[in-house]
Amino acid sequence: MRFTCDTASACGCTSRRGFLGGLGALALAATAQAQAPAPHRIDVHHHLSPPTYIQRLSPRMPLAPVQANWTLQKTLDDMDQAGTATSILTVATPGFWFGNVQESRDLVRASNDYAATLVRDNGRRFGMFAALPLPDVEGSLVEIAYGLDTLKADGIGLYTSYENKWLGDPAFAPVMEELNRRGAVVYTHPLTNACCGNLLPGIPDNAIEFGTDTTRTIASIVFGGFAQRFPNIKWIFSHAGGTMPMLIERFDFLAASGPNRQRFPNGVREYLRGFHYDLAQAANPSAVGALRIAAPVSQMLYGTDFPYRTSAEHVRNIGTAGFSAGELALVERGNAQRLMPRLA
C-alpha cells in the first residue's frame with residue numbers, strides 16, 4: 001500500500017496544510033524581524049548596578065527595586081527592543097561617597113572594573129564613563145589615570161555635587177585641570193544635595209531636585225570660572241540641562257551685572273552652547289523647545305535613564321519633540337559619535 005502525505009500523518013509525513021502553515025509562521029517571523037528597529041542609537045545615559053555596589057549599599061539604605069534587581073540581560077533586552085546599538089554605562093545615585101575615603105576608593109574601583117568587563121565581553125554594545133571617588137581629590141586623580149589609560153573608558157562620570165560643593169568649586173580644581181589636560185568627556189548625573197532632601201511631602205527628590213542640582217552645577221562651572229579656565233573638558237549634562245533653559249534670562253542678567261560684565265563680555269551663552277545635554281526623561285516638546293534656545297541640536301544626545309525608564313518610551317517620545325529626520329539622526333547617533341570617535 002502506498003501512503004500519501006494527506007493520509008499518512010501517523011508515519012511522520014508532513015501534510016500539505018502543515019507545510020503551508022510552517023511557511024506562514026516563518027514569513028511572520030521574518031516580517032517581525034524586518035520591522036524591529038535597526039540597532040543604531042547610542043544611549044549616553046544608561047545605568048548598571050555592579051554586584052559589589054548593591055551588596056555594600058543594600059544594608060545601608062533602601063534602593064529602588066529596579067536598581068537592586070538590575071541584570072545584564074534586562075539591559076540587553078531593553079536595548080534590543082528600541083534599536084539601541086551602544087549604551088554608555090554609569091552607576092546611578094546615591095553614588096560612592098559615604099564619608100570614608102578608603103571605602104569610596106574601593107567601591108569606585110570595583111564598579112569601574114565590573115563595567116569594563118561588560119564592555120570587553122559584549123563587543124560594541126557598551127561603553128563606560130569611569131566613576132571617581134570625589135570629594136577625595138587625590139584618589140580621583142589616581143582613578144582618572146586608571147579609568148582612561150588602563151580601562152580605556154569613554155570618559156569620566158561625575159555627580160553634580162559632593163557634600164555641598166558643586167563641580168565648579170575651587171576644591172575640585174586639580175581634578176578639572178587633569179580632565180582638561182586630557183580633553184576628557186565628562187558626563188554628569190544629578191542627585192539630591194544635602195541641602196535639599198525631603199522638602200515636599202509625597203514628592204520624591206528626583207522629581208524636582210535632580211533638575212535643580214544640574215542647574216546649580218552648571219552655574220558653578222560657568223560663574224565660578226571653570227568653563228573659561230578648562231575649555232577642553234567636554235561636558236554632558238543630564239535631562240536637557242535641568243532647569244537651566246528656563247532660567248537662562250536670569251543667567252544673562254547675572255552675567256551683565258556688576259563685575260561679571262567684564263568677566264563675560266560676550267555673555268554666558270557661548271559656554272552654554274558649547275556644553276552637551278542628554279535628553280533622558282526630557283524627550284518632549286517643552287524640554288527640547290526650551291533647550292533649543294540655549295544650545296544647538298549638535299549638542300543634544302540620546303539618553304534613556306534605564307532602568308528607571310525604558311528605551312522604548314524615549315524612542316516614542318523623542319519622535320514628538322519636533323526634530324527633523326536629519327536632526328533626529330544627529331541626536332540619536334551622530335552627535336555621540338563626534339564626541340566619542342571610538343563609537344563611529
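These figures come from a predicted structure and were not determined experimentally. Numbers here are sequence positions counted from 1.
Take Arg333 and apply the salt bridge (Lys or Arg N to Asp or Glu O under 4.0 Å) test, not counting sequence neighbours, and it matches no residue. The ring pair (Phe, Tyr, Trp, His ring centres under 6.0 Å) test applied to Tyr302 returns no partner, not counting sequence neighbours. Scored by the side chain to side chain donor-acceptor pair (under 3.5 Å) test, Asn260 finds Arg263 as partners (sequence neighbours excluded). Glu138 is linked by a salt bridge (Lys or Arg N to Asp or Glu O under 4.0 Å) to nothing, counting only residues two or more places apart in sequence or in another chain. Applying the salt bridge (Lys or Arg N to Asp or Glu O under 4.0 Å) criterion to Glu178, with sequence neighbours excluded, gives Arg181, Arg182. Judged as a side chain to side chain donor-acceptor pair (under 3.5 Å), and not counting sequence neighbours, the contacts of Ser238 are Asp278. Shown here are the salt bridge (Lys or Arg N to Asp or Glu O under 4.0 Å) partners of Asp305, two or more places apart in sequence or in another chain: there are none. When the ring pair (Phe, Tyr, Trp, His ring centres under 6.0 Å) test is applied to Phe264, the partners found at least two apart in sequence or on another chain are Phe223.
Legend: side chain to side chain donor-acceptor pair (under 3.5 Å) pairs involving residues 113-122, not counting sequence neighbours, sorted by first then second residue: Asp113-Tyr146. Every pair passing side chain to side chain donor-acceptor pair (under 3.5 Å) that includes a residue from residues 239-256 is listed here, sequence neighbours excluded: Thr215-Thr243, Asp252-Arg269. Every pair passing side chain to side chain donor-acceptor pair (under 3.5 Å) that includes a residue from residues 288-301 is listed here, sequence neighbours excluded: His276-Gln299, Arg292-Glu327.
Under the 3.5 Å distance criterion, with hydrogens and angles disregarded, a donor-acceptor pair is assigned to the side chains of Gln102 and Asp106. A donor and an acceptor atom, one from each side chain of Trp166 and Asp213, are located under 3.5 Å apart. In this structure, a donor-acceptor pair under 3.5 Å is present between the side chains of Gln228 and Tyr271. Between the side chains of His47 and Thr90, at least one donor N or O lies within less than 3.5 Å of an accepting N or O. Side-chain atoms of Thr84 and Asp43 include no donor-acceptor pair closer than 3.5 Å.
Within the 3.5 Å criterion, the main-chain N or O of Ala256 finds a donor-acceptor partner in the side chain of Arg261. Looking at Arg124, its side chain never comes within 3.5 Å of a backbone N or O of Ala85 through a donor-acceptor pair. Side chain of Ser104 to main chain of Asn100: no donor-acceptor pair is present (N/O by atom type, distance under 3.5 Å, no hydrogens or angles).
When Phe172, Phe230, Phe237 are each tested for a side-chain contact (heavy atoms from CB on, under 4.5 Å) with Ile221, only one passes: Phe237.
In this structure, OH in Tyr277 is found 5.0 Å from CG in Leu272, a value given to the nearest 0.5 Å. Atom OG of Ser49 and atom CD of Gln55 lie 12.0 Å apart (nearest 0.5 Å).
Ring-plane geometry between Phe96 and Tyr159 is classed as tilted, the angle between the planes lying from 30 to 60 degrees on a 0 to 90 degree scale.
Grouped by direct or indirect side-chain proximity (heavy atoms under 4.5 Å, Ile/Leu/Val/Met/Phe/Trp/Tyr only), Phe129 sits with Ile42, Val44, Ile88, Val185, Tyr187, Ile236, Leu301, Leu339, Met340, Leu343.
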